[in-house]
S.K.: 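First the structure, then my questions, so here it is.
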Amino acid sequence: MAMNRVASLLVVAALVVLAPGWTAGASSTHTPDVVLQQADGTPVPLAAYEGKVLLIDFWASWCIPCKTSFPALDAIFREYKARGLEVLAVNLDEQRRQADAFLSAHPHQMPVLFDPKGAAPLAFGVKGMPTSFLIDKTGTIRFTHMGYSGNVDARYRQEIAQLLSEK
Amino acid sequence: MTLTRTHAFALLLLAAGALAAGGCATVQPWQRGRLADRRMMFDPDDAEVAYMTHWQEAREASSGGYGVQSGGCGCK
(Lines give C-alpha, C1' and ligand atoms only; values in the text may rest on other atoms or scores of the structure.)
Protein backbone atom coordinates (compact mmCIF):
# COMPACT_ATOMS: atom_id res chain seq x y z
CA MET A 1 0.00 0.00 0.00
CA ALA A 2 2.85 2.31 0.92
CA MET A 3 4.40 1.54 -2.47
CA ASN A 4 1.21 2.70 -4.21
CA ARG A 5 1.32 5.96 -2.32
CA VAL A 6 4.96 6.48 -3.32
CA ALA A 7 4.08 5.78 -6.96
CA SER A 8 1.24 8.32 -6.88
CA LEU A 9 3.52 10.94 -5.37
CA LEU A 10 6.14 10.31 -8.07
CA VAL A 11 3.59 10.74 -10.85
CA VAL A 12 2.32 13.99 -9.31
CA ALA A 13 5.90 15.25 -8.93
CA ALA A 14 6.62 14.48 -12.59
CA LEU A 15 3.50 16.38 -13.69
CA VAL A 16 4.46 19.38 -11.57
CA VAL A 17 7.93 19.45 -13.14
CA LEU A 18 6.63 19.16 -16.70
CA ALA A 19 3.65 21.50 -16.36
CA PRO A 20 5.52 24.86 -16.62
CA GLY A 21 6.56 24.01 -20.18
CA TRP A 22 2.95 23.66 -21.24
CA THR A 23 1.59 26.81 -19.64
CA ALA A 24 4.25 29.31 -20.82
CA GLY A 25 3.06 32.04 -23.16
CA ALA A 26 -0.53 32.40 -22.05
CA SER A 27 -2.11 35.58 -23.37
CA SER A 28 -4.91 37.85 -22.22
CA THR A 29 -7.17 40.14 -24.19
CA HIS A 30 -6.14 43.21 -22.21
CA THR A 31 -2.82 44.87 -22.95
CA PRO A 32 -0.18 43.48 -20.58
CA ASP A 33 1.52 46.01 -18.34
CA VAL A 34 5.02 45.78 -19.81
CA VAL A 35 7.93 48.19 -20.03
CA LEU A 36 9.97 48.48 -23.22
CA GLN A 37 13.19 50.37 -23.90
CA GLN A 38 14.20 53.14 -26.24
CA ALA A 39 17.49 52.87 -28.12
CA ASP A 40 19.30 54.66 -25.27
CA GLY A 41 17.73 52.43 -22.61
CA THR A 42 15.03 54.88 -21.49
CA PRO A 43 12.08 52.82 -20.20
CA VAL A 44 8.78 53.18 -22.04
CA PRO A 45 5.77 51.73 -20.19
CA LEU A 46 3.04 50.54 -22.52
CA ALA A 47 0.54 52.14 -20.14
CA ALA A 48 1.68 55.51 -21.57
CA TYR A 49 -0.31 54.68 -24.73
CA GLU A 50 -3.62 54.22 -22.95
CA GLY A 51 -6.49 55.95 -24.71
CA LYS A 52 -4.82 55.61 -28.12
CA VAL A 53 -5.13 53.14 -30.95
CA LEU A 54 -1.86 51.23 -30.88
CA LEU A 55 -0.28 48.84 -33.36
CA ILE A 56 2.53 46.95 -31.66
CA ASP A 57 4.70 44.74 -33.82
CA PHE A 58 7.26 42.25 -32.53
CA TRP A 59 10.10 41.69 -34.99
CA ALA A 60 13.74 40.63 -35.25
CA SER A 61 16.46 41.21 -37.84
CA TRP A 62 16.86 37.46 -38.55
CA CYS A 63 13.17 36.92 -39.24
CA ILE A 64 12.65 36.70 -43.01
CA PRO A 65 9.02 37.97 -43.20
CA CYS A 66 10.01 40.91 -40.96
CA LYS A 67 12.06 42.27 -43.86
CA THR A 68 8.75 42.81 -45.68
CA SER A 69 6.48 43.61 -42.75
CA PHE A 70 8.77 46.31 -41.30
CA PRO A 71 8.57 48.73 -44.26
CA ALA A 72 4.88 47.87 -44.78
CA LEU A 73 4.00 48.78 -41.19
CA ASP A 74 6.12 51.91 -41.45
CA ALA A 75 4.02 52.90 -44.48
CA ILE A 76 0.87 52.32 -42.43
CA PHE A 77 2.30 54.49 -39.65
CA ARG A 78 3.06 57.35 -42.07
CA GLU A 79 -0.43 57.04 -43.52
CA TYR A 80 -2.36 57.01 -40.23
CA LYS A 81 -0.21 58.93 -37.71
CA ALA A 82 -2.05 62.19 -38.42
CA ARG A 83 -5.30 60.43 -37.51
CA GLY A 84 -3.90 59.36 -34.15
CA LEU A 85 -2.49 55.88 -34.77
CA GLU A 86 0.52 54.95 -32.67
CA VAL A 87 2.85 52.24 -33.97
CA LEU A 88 5.58 50.58 -31.94
CA ALA A 89 8.03 48.26 -33.68
CA VAL A 90 9.50 46.20 -30.85
CA ASN A 91 12.81 44.61 -31.70
CA LEU A 92 13.58 41.27 -30.05
CA ASP A 93 17.13 40.65 -31.25
CA GLU A 94 19.32 39.29 -28.49
CA GLN A 95 22.29 41.12 -30.02
CA ARG A 96 21.74 44.82 -30.47
CA ARG A 97 24.23 45.25 -33.31
CA GLN A 98 22.11 43.00 -35.54
CA ALA A 99 19.09 45.21 -34.90
CA ASP A 100 21.13 48.34 -35.58
CA ALA A 101 22.39 46.93 -38.90
CA PHE A 102 18.80 46.13 -39.94
CA LEU A 103 17.54 49.57 -38.92
CA SER A 104 20.26 51.40 -40.82
CA ALA A 105 19.40 49.36 -43.93
CA HIS A 106 15.66 50.07 -43.53
CA PRO A 107 14.94 53.80 -43.16
CA HIS A 108 11.82 54.29 -41.06
CA GLN A 109 9.70 56.85 -39.26
CA MET A 110 7.82 54.64 -36.81
CA PRO A 111 9.23 54.43 -33.28
CA VAL A 112 11.39 51.38 -32.64
CA LEU A 113 11.67 50.04 -29.10
CA PHE A 114 13.71 47.18 -27.73
CA ASP A 115 13.07 44.18 -25.50
CA PRO A 116 16.15 41.94 -25.70
CA LYS A 117 15.02 39.84 -22.69
CA GLY A 118 11.68 39.04 -24.37
CA ALA A 119 9.43 39.87 -21.41
CA ALA A 120 6.87 41.70 -23.59
CA PRO A 121 6.33 38.94 -26.20
CA LEU A 122 5.96 36.43 -23.37
CA ALA A 123 3.32 38.62 -21.74
CA PHE A 124 1.54 39.04 -25.07
CA GLY A 125 1.73 35.33 -25.83
CA VAL A 126 3.62 35.71 -29.12
CA LYS A 127 3.65 32.36 -30.97
CA GLY A 128 5.61 33.27 -34.10
CA MET A 129 7.64 36.01 -35.74
CA PRO A 130 6.56 38.59 -36.66
CA THR A 131 3.39 39.08 -34.64
CA SER A 132 1.48 42.33 -34.35
CA PHE A 133 -1.37 43.35 -32.09
CA LEU A 134 -3.93 46.06 -32.70
CA ILE A 135 -5.06 47.60 -29.45
CA ASP A 136 -8.09 49.84 -29.13
CA LYS A 137 -8.50 53.01 -27.04
CA THR A 138 -9.64 51.03 -24.00
CA GLY A 139 -6.46 48.97 -24.00
CA THR A 140 -8.09 45.80 -25.32
CA ILE A 141 -6.24 43.67 -27.85
CA ARG A 142 -8.72 43.53 -30.72
CA PHE A 143 -6.78 42.04 -33.64
CA THR A 144 -3.72 39.84 -33.90
CA HIS A 145 -1.63 39.10 -36.97
CA MET A 146 0.97 36.33 -36.93
CA GLY A 147 3.40 36.17 -39.82
CA TYR A 148 3.16 38.55 -42.73
CA SER A 149 2.23 38.58 -46.38
CA GLY A 150 1.33 41.57 -48.54
CA ASN A 151 -2.25 40.27 -48.72
CA VAL A 152 -3.02 41.41 -45.17
CA ASP A 153 -2.24 45.10 -45.81
CA ALA A 154 -5.87 45.86 -46.71
CA ARG A 155 -7.10 44.08 -43.59
CA TYR A 156 -4.71 46.11 -41.41
CA ARG A 157 -6.09 49.33 -42.90
CA GLN A 158 -9.67 48.21 -42.43
CA GLU A 159 -9.07 47.24 -38.79
CA ILE A 160 -7.15 50.44 -38.03
CA ALA A 161 -9.89 52.57 -39.57
CA GLN A 162 -12.45 50.72 -37.47
CA LEU A 163 -10.54 51.25 -34.21
CA LEU A 164 -9.82 54.90 -34.97
CA SER A 165 -13.52 55.55 -35.60
CA GLU A 166 -14.49 54.12 -32.20
CA LYS A 167 -14.84 56.50 -29.26
CA MET B 1 -3.44 -4.60 -6.57
CA THR B 2 -0.10 -4.50 -4.81
CA LEU B 3 3.00 -3.04 -6.35
CA THR B 4 5.88 -5.43 -6.89
CA ARG B 5 9.50 -4.38 -6.57
CA THR B 6 9.92 -4.51 -10.39
CA HIS B 7 6.93 -2.22 -10.87
CA ALA B 8 8.29 0.21 -8.31
CA PHE B 9 11.66 0.24 -10.06
CA ALA B 10 10.00 0.87 -13.43
CA LEU B 11 7.98 3.72 -11.95
CA LEU B 12 11.10 5.17 -10.39
CA LEU B 13 12.82 5.08 -13.79
CA LEU B 14 9.79 6.75 -15.38
CA ALA B 15 9.81 9.46 -12.74
CA ALA B 16 13.55 10.00 -13.20
CA GLY B 17 12.97 10.35 -16.95
CA ALA B 18 10.16 12.83 -16.36
CA LEU B 19 12.36 14.84 -14.02
CA ALA B 20 15.15 14.89 -16.61
CA ALA B 21 12.68 15.99 -19.29
CA GLY B 22 11.84 18.97 -17.09
CA GLY B 23 15.29 20.29 -17.97
CA CYS B 24 14.29 20.65 -21.61
CA ALA B 25 13.98 24.35 -22.38
CA THR B 26 11.12 25.78 -24.38
CA VAL B 27 12.72 27.90 -27.10
CA GLN B 28 10.44 30.85 -27.67
CA PRO B 29 9.87 32.22 -31.19
CA TRP B 30 11.94 35.33 -30.44
CA GLN B 31 14.85 33.24 -29.16
CA ARG B 32 15.51 31.59 -32.51
CA GLY B 33 18.00 34.13 -33.83
CA ARG B 34 20.93 31.76 -33.62
CA LEU B 35 18.92 28.87 -35.07
CA ALA B 36 17.92 31.10 -38.00
CA ASP B 37 21.55 31.93 -38.75
CA ARG B 38 22.78 30.85 -42.19
CA ARG B 39 25.59 28.94 -40.52
CA MET B 40 22.98 26.64 -38.94
CA MET B 41 21.74 25.48 -42.36
CA PHE B 42 22.84 22.17 -43.82
CA ASP B 43 23.26 23.79 -47.24
CA PRO B 44 23.71 27.53 -46.84
CA ASP B 45 25.16 28.05 -50.33
CA ASP B 46 22.57 27.49 -53.09
CA ALA B 47 25.15 27.73 -55.88
CA GLU B 48 27.35 25.11 -54.25
CA VAL B 49 24.39 22.75 -53.76
CA ALA B 50 23.41 23.13 -57.43
CA TYR B 51 26.98 22.43 -58.53
CA MET B 52 27.42 19.41 -56.26
CA THR B 53 24.04 17.97 -57.28
CA HIS B 54 24.90 18.36 -60.95
CA TRP B 55 28.30 16.80 -60.37
CA GLN B 56 26.78 13.82 -58.53
CA GLU B 57 24.03 13.32 -61.11
CA ALA B 58 26.58 13.30 -63.93
CA ARG B 59 28.77 10.69 -62.23
CA GLU B 60 26.10 8.44 -60.78
CA ALA B 61 23.88 8.48 -63.87
CA SER B 62 20.90 9.21 -61.68
CA SER B 63 19.05 12.24 -60.49
CA GLY B 64 16.58 13.24 -57.83
CA GLY B 65 16.43 12.17 -54.25
CA TYR B 66 16.83 15.72 -53.06
CA GLY B 67 13.22 16.60 -52.48
CA VAL B 68 12.38 16.74 -56.18
CA GLN B 69 8.63 16.53 -56.56
CA SER B 70 7.18 14.07 -59.04
CA GLY B 71 4.37 11.65 -59.43
CA GLY B 72 6.56 8.70 -58.52
CA CYS B 73 7.23 7.61 -62.11
CA GLY B 74 10.96 8.21 -61.70
CA CYS B 75 11.06 10.94 -64.33
CA LYS B 76 11.89 14.49 -63.34
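Per chain, numbering begins at 1; letters A, B, ... match sequence-line order.
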S.K.: With sequence neighbours left out, what residues match A:Met146 under side chain to side chain contact (heavy atoms under 4.5 Å, CB included)?
M.R.: A:Lys127, A:Thr131
S.K.: Which heavy-atom pair separates A:Leu92 from B:Trp30 by the least distance, and what is that distance?
M.R.: CD1-CB, 3.5 Å
S.K.: Which residue pairs pass the salt bridge (Lys or Arg N to Asp or Glu O under 4.0 Å) test when at least one of the two sits in residues 29-54 of chain A, sequence neighbours left out?
M.R.: A:Lys52-A:Glu86
S.K.: Heavy atoms under 4.5 Å from chain B: which residues of residues 94-112 of chain A carry them?
M.R.: A:Glu94, A:Gln95
S.K.: Hey, any chance A:Leu36 and A:Phe133 share a hydrophobic cluster, counting ILVMFWY side chains that come within less than 4.5 Å of each other, even indirectly?
M.R.: yes
S.K.: At under 4.5 Å between heavy atoms, what parts of residues 57-85 of chain A are in contact with chain B? List them by residue number.
M.R.: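 At a heavy-atom separation under 4.5 Å, chain B is reached by A:Trp62.
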S.K.: Determine whether A:Leu122 and A:Phe124 fall in the same hydrophobic cluster, where Ile, Leu, Val, Met, Phe, Trp and Tyr are linked whenever their side-chain heavy atoms lie under 4.5 Å apart.
M.R.: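 The answer is yes; both residues are in one hydrophobic cluster.
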S.K.: So if you build clusters from Ile, Leu, Val, Met, Phe, Trp, Tyr with side-chain heavy-atom gaps below 4.5 Å, do A:Val126 and A:Leu46 land together?
M.R.: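 They do share one cluster, since a chain of ILVMFWY contacts under 4.5 Å joins A:Val126 to A:Leu46.
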S.K.: Between B:Arg32 and chain A, which part of the residue has a heavy atom less than 4.5 Å away: side chain, backbone, both or neither?
M.R.: both
S.K.: Is it possible for you to say whether A:Ile160 and A:Val152 belong to one hydrophobic cluster, with membership spreading through side-chain heavy-atom contacts below 4.5 Å?
M.R.: yes
S.K.: Under 4.5 Å between side-chain heavy atoms, counting indirect links through other Ile/Leu/Val/Met/Phe/Trp/Tyr residues: same cluster for A:Tyr148 and A:Val90 or not?
M.R.: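 Looking at the clustering, A:Val90 is in a separate group from A:Tyr148.
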